[in-house]
Number of protein chains: 2
Amino acid sequence: MTLATQSDAKIALFDRTFDYGQLPSLIGFHLRRASLLDFSTFPEEIGDRSITPLRYSVLEVVGANPGLRQMQLAAVLGLSKPAATLAIDFWEARNCLSRRRLPEDGRARGVHLTEEGEGTLIELRKQVARHDRALTASLSDDERRTLQIVLRKIIEGGDAN
Amino acid sequence: MTLATQSDAKIALFDRTFDYGQLPSLIGFHLRRASLLDFSTFPEEIGDRSITPLRYSVLEVVGANPGLRQMQLAAVLGLSKPAATLAIDFWEARNCLSRRRLPEDGRARGVHLTEEGEGTLIELRKQVARHDRALTASLSDDERRTLQIVLRKIIEGGDAN
DNA sequence: TATTGTTATACTCTATAACTATA
DNA sequence: TATAGTTATAGAGTATAACAATA
């Protein structure tokens, strides 16, 4: 028995053709590769390699929800407590985020954009939108829209749209 | 100026609603989340937490290209040399892969499935296909097909299809 | 001198748990 | 006793470079 026969797509390398087996039939395989491509090209557009997609998303969510608590931020983005702490530390060191004690609960901190953070976010938004546009440059508007809907369906496990 | 107004989608948590800002307009955001969901549910179907998507893909590619060199395997899957070495080590320790010297080049090793490896791959293929099907259970066949095509376009940067 | 593959090392991320301060 | 957040620590994954064997 040869397992090499059920192929589906090939790749040319070293003057030879290789077979991906059943991998190309898997949505997860393509999702992984597209997401990796997104990550790997992200810093090219942003310039600053220390600004990762995750760190950008933290700034974005704080901008959209001024004063939310660190735990809330963590829950919204699916971060662990330490991950939230570290991401906020990163932006605080750059004077883009600030922590403020809440009068109603001395344990909690509300997270806010600083003035510099607002400017940084406005700039980042443009760059990230440009990067995302470049990532999907080969798609029609219709395909881009469909892709977004279908990905949401996957993420919400069938309860979406 | 408030940055919280350009919202697009919301999430309910802690008896409150939070805003994702521009994140939901980004394909990359959804790709990341869908891919993370894929990864996080993968071990549930496979059972063995040490068998990662990457390690499975190594077995798959060796099965589809018996005897390919380690460097070729690395290139096909976009792995670094050490990553290829370690992945092959993993399967060799489980008696699923073997390295064989090539008569025509003493430096290179060809990678082969063992008999046990063939059985393991056959089983894994079924489980992985089932997992991928579950991941996309909320999609119609048509949507699944479209998704695959569109993701390939992204990956190949516009030269695809 | 270049290439295949291995090993060593370091760096990033993540996950857990211990800790503090408040409640 | 429980919760918000911080710090400490360890584990997985990845990337680079040094290395051994062969060409």
Side-chain angles (χ1 to χ4, degrees), chain A residues 13-16 32-33 35-40 42-43 48-58 62 65 67-93 97-112, chain B residues 13-16 32-33 35-40 42-43 46 48-58 62 67-93 97-112:
Chain A
L13 282 170
F14 307 104
D15 294 336
R16 204 191 124 180
R32 207 145 50 238
R33 287 157 63 99
S35 191
L36 276 176
L37 178 63
D38 177 43
F39 261 71
S40 67
F42 191 86
D48 185 338
R49 295 194 70 83
S50 68
I51 299 179
T52 62
L54 182 131
R55 284 170 175 165
Y56 155 69
S57 72
V58 164
V62 174
N65 306 274
L68 89 170
R69 299 170 176 218
Q70 300 191 201
M71 291 305 297
Q72 294 173 329
L73 174 62
V76 169
L77 287 173
L79 303 177
S80 64
K81 288 198 285 183
T85 296
L86 293 174
I88 297 166
D89 285 350
F90 172 83
W91 287 118
E92 202 174 50
L97 287 184
S98 70
R99 293 163 157 105
R100 295 190 206 153
R101 286 180 183 283
L102 299 186
E104 70 269 25
D105 188 339
R107 297 168 300 183
R109 311 286 136 117
V111 189
H112 297 260
Chain B
L13 281 170
F14 306 105
D15 293 337
R16 206 191 123 180
R32 208 145 51 239
R33 287 157 62 100
S35 190
L36 275 175
L37 178 63
D38 178 42
F39 260 71
S40 67
F42 191 86
I46 307 303
D48 185 337
R49 294 195 72 82
S50 69
I51 299 178
T52 61
L54 182 131
R55 284 170 174 165
Y56 155 69
S57 71
V58 164
V62 174
L68 88 171
R69 298 170 176 219
Q70 300 190 200
M71 291 304 299
Q72 293 172 329
L73 175 62
V76 168
L77 287 173
L79 303 177
S80 64
K81 287 197 288 183
T85 296
L86 293 174
I88 296 165
D89 286 349
F90 172 84
W91 286 118
E92 201 174 49
L97 288 184
S98 69
R99 293 163 157 103
R100 294 190 207 154
R101 286 180 183 284
L102 299 186
E104 70 269 27
D105 188 338
R107 297 168 299 181
R109 311 287 136 117
V111 189
H112 297 260

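Every chain is numbered from 1, with letters handed out A, B, ... down the list of sequences. Because the structure is a prediction, the values reported are computed rather than measured.
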| query | Which residues, if any, of residues 71-80 of chain A bring a heavy atom under 4.0 Å of DNA chain C? | reply |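 Result for residues 71-80 of chain A: none.
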| task | List in chain and number order the residues that pass salt bridge (charged side-chain N to carboxylate O under 4.0 Å, His left out) with A:Arg99, two or more places apart in sequence or in another chain; answer none if no residue qualifies. | result | A:Asp89, A:Glu92
In whole Å, what is the span from the [atom1] atom of [X] to the [atom2] atom of [N]?
{"X": "A:Lys81", "N": "C:dC13", "atom1": "NZ", "atom2": "C1'", "result": "18 Å"}
{"X": "A:Leu86", "N": "C:dC13", "atom1": "CG", "atom2": "P", "result": "10 Å"}
{"X": "A:Asp89", "N": "C:dT12", "atom1": "CG", "atom2": "C1'", "result": "16 Å"}
{"X": "B:Ile88", "N": "C:dT6", "atom1": "CD1", "atom2": "P", "result": "7 Å"}
{"X": "B:Leu36", "N": "C:dC13", "atom1": "CG", "atom2": "C1'", "result": "12 Å"}
{"X": "B:Arg109", "N": "C:dT3", "atom1": "CZ", "atom2": "P", "result": "18 Å"}

| Does anyone know the first and last nucleotide of DNA chain D in reach of chain B, 5' to 3', at under 4.0 angstrom to a heavy atom? |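 Taking any atom under 4.0 Å from a heavy atom of chain B, the span is D:dG13 to D:dA23.
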| If only atom types and distance count, is the side chain of A:Ser35 paired as donor or acceptor with the main-chain N or O of A:Arg32 below 3.5 Å? |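 Such a contact is absent between A:Ser35 side chain and A:Arg32 backbone.
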| note | Distance col, row B:Met71:CE vs B:Arg107:CZ, nearest 0.5 angstrom, shows 11.0 Å
| Hey, what do you get for CZ (A:Arg109) to CZ (A:Arg100), rounding to the nearest 0.5 Å? |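 If we round to the nearest 0.5 Å, A:Arg109:CZ and A:Arg100:CZ are 13.5 Å apart.
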| Counting any heavy atom closer than 4.0 Å, what does A:Ala108 reach on the DNA or RNA strands: base, sugar-phosphate only, or nothing? |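 Sugar-phosphate: the residue A:Ala108, judged by heavy atoms under 4.0 Å, touches backbone atoms but no base.
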| How is A:Ser50 classified with respect to the nucleic acid when contacts are heavy atoms under 4.0 Å: base, sugar-phosphate, or nothing? |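 The answer is nothing, as A:Ser50 stays clear of every strand by at least 4.0 Å.
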| query | Where along residues 98-107 of chain B does a heavy atom fall under 4.0 Å from DNA chain D? | reply |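 When residues 98-107 of chain B is checked for heavy atoms under 4.0 Å from DNA chain D, the hits, listed by number, are B:Asp105, B:Gly106, B:Arg107.
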| Does B:Arg16 have any side chain to side chain contact (heavy atoms under 4.5 Å, CB included) partners at least two apart in sequence or in another chain, and if so, which? |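 Once residues adjacent in sequence are excluded, the partners of B:Arg16 under the side chain to side chain contact (heavy atoms under 4.5 Å, CB included) criterion are A:Asn65, A:Leu68, A:Gln72, B:Phe18.
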| said: Do A:Ile88 and A:Leu73 make a side-chain contact, defined as non-hydrogen atoms from C-beta onward lying under 4.5 Å apart? | reply: yes
| query | When you match B:Thr85 and A:Thr52 each to their closest nucleotide on DNA chain C, which lands nearer the 5' end? | reply |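 The residue whose closest nucleotide sits nearer the 5' end is B:Thr85.
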| query | Which residue, A:Arg55 or B:Gln70, contacts DNA chain C at a nucleotide closer to its 5' end, judged by nearest heavy atom? | reply |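 Residue closer to the 5' terminus by nearest nucleotide: B:Gln70.
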| said: So, using side chain to side chain donor-acceptor pair (under 3.5 Å) as the criterion, who are the partners of B:Ser50 when residues are at least two apart? | reply: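 In terms of side chain to side chain donor-acceptor pair (under 3.5 Å), with neighbours along the sequence ignored, B:Ser50 is linked to B:Asp48, B:Arg94.
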